[in-house]
Colleague: 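Here you go, one structure.
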Amino acid sequence: MCEDDHGHEYGRDPGNDHGHERTGIGRRAVFVTGAAAALTLGSVSFASAAPREQRTRTVRGTLPPGSPDFVYVPVEVPRGVREIHVAYTYDRPAVPAGTQGNALDIGLFDERGTELGGKGFRGWSGGARTEFSVRADAATPGYVPGPVRPGTWHIALGPYTVAPQGLSYEITVTLTYGEQDDAPRPVYPPERAAGRGRAWYRGDCHLHSEYSDGRYTLAEIAELARAAGLDFINSSEHNTHSAHAHWAGLAGDDLLILLGEEVTTRNGHVVALGTEPGTFVDWRYRARDNRFGRFARQIRRAGGLVVPAHPHATCIGCNWKFGFGEADAVEVWNGAYTPDDEVALADWDGMLVASVRDGGRDWIPAMGSSDSHRSPDVIGRPQTVVLADDLTREAIQDGIRAGRSYVAESSQLSLSFTASGGRGEHAGIGERLRVADDTPVTVRLEVTGAPRCTVRLVTDQGVLFTGDPLPVSGDGVVEWRTTASYAAYVRAEIRHETAAGPVPGALAAFTNPVFLGR
């Protein structure tokens with residue numbers, strides 16, 4: 001079985017009959033034009049009932065190939081409802097080789113509506129689970145607890161892929177009646193931990209738990225992050241902020257937990273890194289809808305960074321199509337190093353070359369994250385190592401935004417990378433060494449923890465230096481001399497001597513550049 005980023009498993013048993021009452025739904029439909037078109041079906045209605053009673057309705061339908069990105073099933077919720085429970089199944093017919101089968105995502109909006117960027121969002125599980133519940137005091141992971149108010153709620157279906165035969169689904173809605181408990185007041189993790197002042201801090205900013213399509217619990221992630229030597233992590237569940245209120249007890253003086261989301265659109269994914277607690281960022285648009293800029297601005301207004309994730313990933317909808325004009329950084333290395341990471345690295349280097357035309361003022365820093373979902377995914381492989389004034393949300397974000405960072409495959413590997421001129425001028429990673437074009441410049445790289453790896457120095461011309469393999473100890477120093485007229489920037493790559501995965505000479509670490517010249 002293979003599984004994609006949305007949590008779909010092809011070839012899985014589609015589920016069995018729940019034995020509930022079945023009712024049909026009308027085909028009254030409202031079409032919304034645009035790439036992220038939506039279809040709204042006829043509503044499902046419930047009557048009032050006595051406390052502790054349950055009422056169930058089951059609806060069926062078939063979506064043809066080429067269906068809109070989102071299909072909404074309205075549910076009329078009367079007064080006196082304590083809990084909404086939704087279960088669904090869909091068929092997975094055999095398809096010819098090379099043809100996509102059925103995969104159907106699901107989520108929920110409350111009586112406040114389905115408006116893009118509105119307040120009605122109550123949760124999303126993609127294809128990761130077949131049922132969920134929402135009530136005032138609790139909700140299934142991926143969903144947001146809160147009052148169950150009367151009005152028109154909407155079950156949101158996302159036909160991720162549809163087989164040539166169409167996608168037949170069955171949705172069972174069960175309402176439990178009775179008095180609601182009080183909604184919990186959310187408690188969020190602190191925005192600072194006990195740092196070391198200005199220092200290098202290690203983090204993994206792209207992680208998944210059971211609150212989207214991961215299998216790790218939040219406690220397991222925190223434990224594994226500490227074991228990996230990380231100082232900070234970022235919560236980044238697919239299309240939901242529901243985990244935010246569950247991290248507080250897992251943070252500590254030794255681990256800063258930032259809050260965010262992986263905004264998972266049909267044209268690529270973007271990590272909202274370090275937003276204010278409770279921030280939800282909508283994902284229901286494509287590049288041609290010209291809406292991404294609005295939500296990138298929302299991320300920044302909420303104090304977060306905009307980081308396109310795995311821009312050259314090959315899964316459906318994962319390849320980044322929105323351009324990089326709104327990016328604060330870009331995730332160049334995602335999980336185990338694979339060919340799409342090599343393409344992303346080369347693409348990013350091309351963007352660095354283009355930025356030289358305006359003096360490097362608008363260059364986009366690179367970072368790396370594990371995108372871990374479950375064992376054997378390794379949390380902290382890779383990790384972004386950031387020079388920050390302290391271990392706080394703002395300081396870490398400032399370091400990432402400025403490019404004062406490098407990416408390493410583990411906490412065993414450390415780098416120091418500097419450039420200096422003849423009169424004591426000095427610059428580090430993400431900085432500019434301001435010297436005349438013909439001034440001799442010495443580039444120095446110190447490496448620890450990279451046994452038998454090879455150092456490469458890359459400039460706007462390409463690879464201009466390749467060293468001998470480092471000793472078995474993994475420690476070494478490389479010096480190289482150049483001028484600003486010869487190299488507009490210099491960055492370092494540390495690569496394994498032989499294949500460490502599907503890419504020969506896979507990365508062990510790389511740095512953001514040091515720029516040279518006035």
Side-chain angles (χ1 to χ4, degrees), residues 2-6 98 100 204-206 236 262-271 273 286-287 292 306-356 362-373 377-378 381-384 400 403 405-409 453-464 466 488-513:
C2 62
E3 185 170 357
D4 62 26
D5 255 357
H6 291 245
Q100 297 298 327
D204 190 344
C205 294
H206 186 169
S236 56
E262 183 176 7
V263 184
T264 306
T265 81
R266 296 299 181 91
N267 282 160
H269 304 182
V270 61
V271 172
L273 197 167
R286 296 194 190 188
F292 174 67
V306 177
V307 184
H310 45 65
H312 290 278
T314 56
C315 50
I316 297 172
C318 298
N319 191 280
W320 185 247
K321 302 293 188 183
F322 294 93
F324 296 92
E326 297 283 357
D328 295 303
V330 58
E331 186 187 78
V332 167
W333 183 354
N334 176 277
Y337 199 76
T338 55
D340 60 279
D341 297 305
E342 189 76 11
V343 174
L345 181 68
D347 191 42
W348 171 66
D349 190 74
M351 289 191 286
L352 289 180
V353 173
S355 75
V356 170
D362 295 323
W363 71 284
I364 301 173
M367 58 187 302
S369 297
S370 72
D371 198 2
S372 291
H373 285 67
D377 296 350
V378 179
R381 186 185 71 178
Q383 52 195 244
T384 300
I400 293 172
S405 62
Y406 64 89
V407 180
E409 64 181 357
C453 287
T454 299
V455 172
R456 304 200 318 184
L457 299 180
V458 186
T459 77
D460 54 314
Q461 293 190 68
V463 178
L464 291 184
T466 302
Y489 64 82
V490 185
R491 61 179 184 84
E493 294 179 358
I494 295 82
R495 289 182 176 263
H496 290 282
E497 183 182 25
T498 55
V503 180
L507 277 180
F510 75 93
T511 72
N512 276 302

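The analysis underlying the following values was restricted to heavy atoms, covering all of them including side chains, and did not include hydrogens, waters or symmetry mates.
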Colleague: Which distance, rounded to the nearest 0.5 Å, do you find between the CE of M367 and the OH of Y406?
Modeller: 14.0 Å
Colleague: For a quick test of reading the model, state the closest non-hydrogen atom pair linking A366 to W348 and the distance between them.
Modeller: CB-CE2, 3.5 Å
Colleague: Report yes if the side chains of V332 and V407 come closer than 4.5 Å at any heavy-atom pair, otherwise no.
Modeller: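 V332 vs V407: side chains apart.
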Colleague: According to salt bridge (charged side-chain N to carboxylate O under 4.0 Å, His left out), who are the partners of E493, at least two apart in sequence or on a separate chain?
Modeller: R456, R491, R495
Colleague: D377: what forms a salt bridge (charged side-chain N to carboxylate O under 4.0 Å, His left out) with it, not counting sequence neighbours?
Modeller: none
Colleague: Mind listing the closest non-hydrogen atom pair of D340 and A313 along with its distance?
Modeller: OD2-CA, 4.0 Å
Colleague: Measure the shortest side-chain to side-chain distance between D341 and L507 over non-hydrogen atoms and say whether it is less than 4.5 angstrom.
Modeller: no
Colleague: Could you report the tightest heavy-atom contact between P382 and G368, atom names first, then the distance?
Modeller: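 Minimum heavy-atom contact is CG-C, 4.0 Å.
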Colleague: Does one side chain, of D349 or Y489, offer a donor that lies under 3.5 Å from an acceptor on the other?
Modeller: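 Judged by distance alone, the side chains do pair up.
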Colleague: Test your reading of the model: is there a side-chain donor-acceptor pair from D362 to the backbone of S355, 3.5 Å cut-off?
Modeller: no
Colleague: Could you tell me whether the side chain of T384 reaches within less than 4.5 Å of the side chain of W333, counting heavy atoms only?
Modeller: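 No, too far: nothing below the 4.5 Å cut-off.
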Colleague: Is the closest side-chain heavy-atom distance between N512 and S405 below 4.5 Å?
Modeller: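 Sidechains of S405 and N512: in contact.
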Colleague: Does A336 have any side chain to side chain contact (heavy atoms under 4.5 Å, CB included) partners at least two apart in sequence or in another chain, and if so, which?
Modeller: R381
Colleague: Under the side chain to side chain donor-acceptor pair (under 3.5 Å) test, which residues partner D460, sequence neighbours left out?
Modeller: none
Colleague: Would you please name every residue forming a side chain to side chain donor-acceptor pair (under 3.5 Å) with T511, sequence neighbours left out?
Modeller: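 Listed in chain order: nothing, the list is empty.
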Colleague: If you define the side chain from C-beta out and look only at heavy atoms, does anything of C205 sit under 4.5 Å from V307?
Modeller: no
Colleague: Quick one: pull up CG in D371 and OG in S236 and give me the separation to the nearest 0.5 Å.
Modeller: 7.0 Å
Colleague: How would you list, by chain and number, every residue that makes a side chain to side chain contact (heavy atoms under 4.5 Å, CB included) with D347, sequence neighbours excluded?
Modeller: H312, F324
Colleague: Are the side chains of T466 and T454 in contact, using a 4.5 Å heavy-atom criterion?
Modeller: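 With C-beta onward as the side chain, the pair touches.
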Colleague: Rounded to the nearest 0.5 Å, what's the gap from CG on N319 to NE2 on H269? Could you check?
Modeller: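 So the CG of N319 and the NE2 of H269 are separated by 10.0 Å.
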Colleague: Which heavy atom in P308 sits nearest to a heavy atom in A329, and how many Å separate them?
Modeller: CD-O, 3.1 Å
Colleague: Can you see which heavy atom on A508 is nearest to which on C453, and at what distance?
Modeller: CB-SG, 4.0 Å
Colleague: Who passes side chain to side chain donor-acceptor pair (under 3.5 Å) against E331, sequence neighbours left out?
Modeller: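 Side chain to side chain donor-acceptor pair (under 3.5 Å) check on E331 returns H206, N334.
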Colleague: Under the side chain to side chain contact (heavy atoms under 4.5 Å, CB included) test, which residues partner N267, sequence neighbours left out?
Modeller: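 Here the qualifying residues are T265, R286, A287, K321, F322.
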Colleague: Looking only at non-hydrogen atoms, find the nearest pair between T264 and E262 and report the distance.
Modeller: OG1-O, 3.0 Å
Colleague: Is there a donor-acceptor contact under 3.5 Å from the side chain of W320 to the main chain of V270?
Modeller: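 Not at all, since once roles are kept as given, no pair shorter than 3.5 Å links the two residues.
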Colleague: Could I get the full list of side chain to side chain contact (heavy atoms under 4.5 Å, CB included) partners for T314, not counting sequence neighbours?
Modeller: none
Colleague: Which residues satisfy the side chain to side chain donor-acceptor pair (under 3.5 Å) test with D204, sequence neighbours excluded?
Modeller: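 Checked D204 against side chain to side chain donor-acceptor pair (under 3.5 Å); matches are S370.
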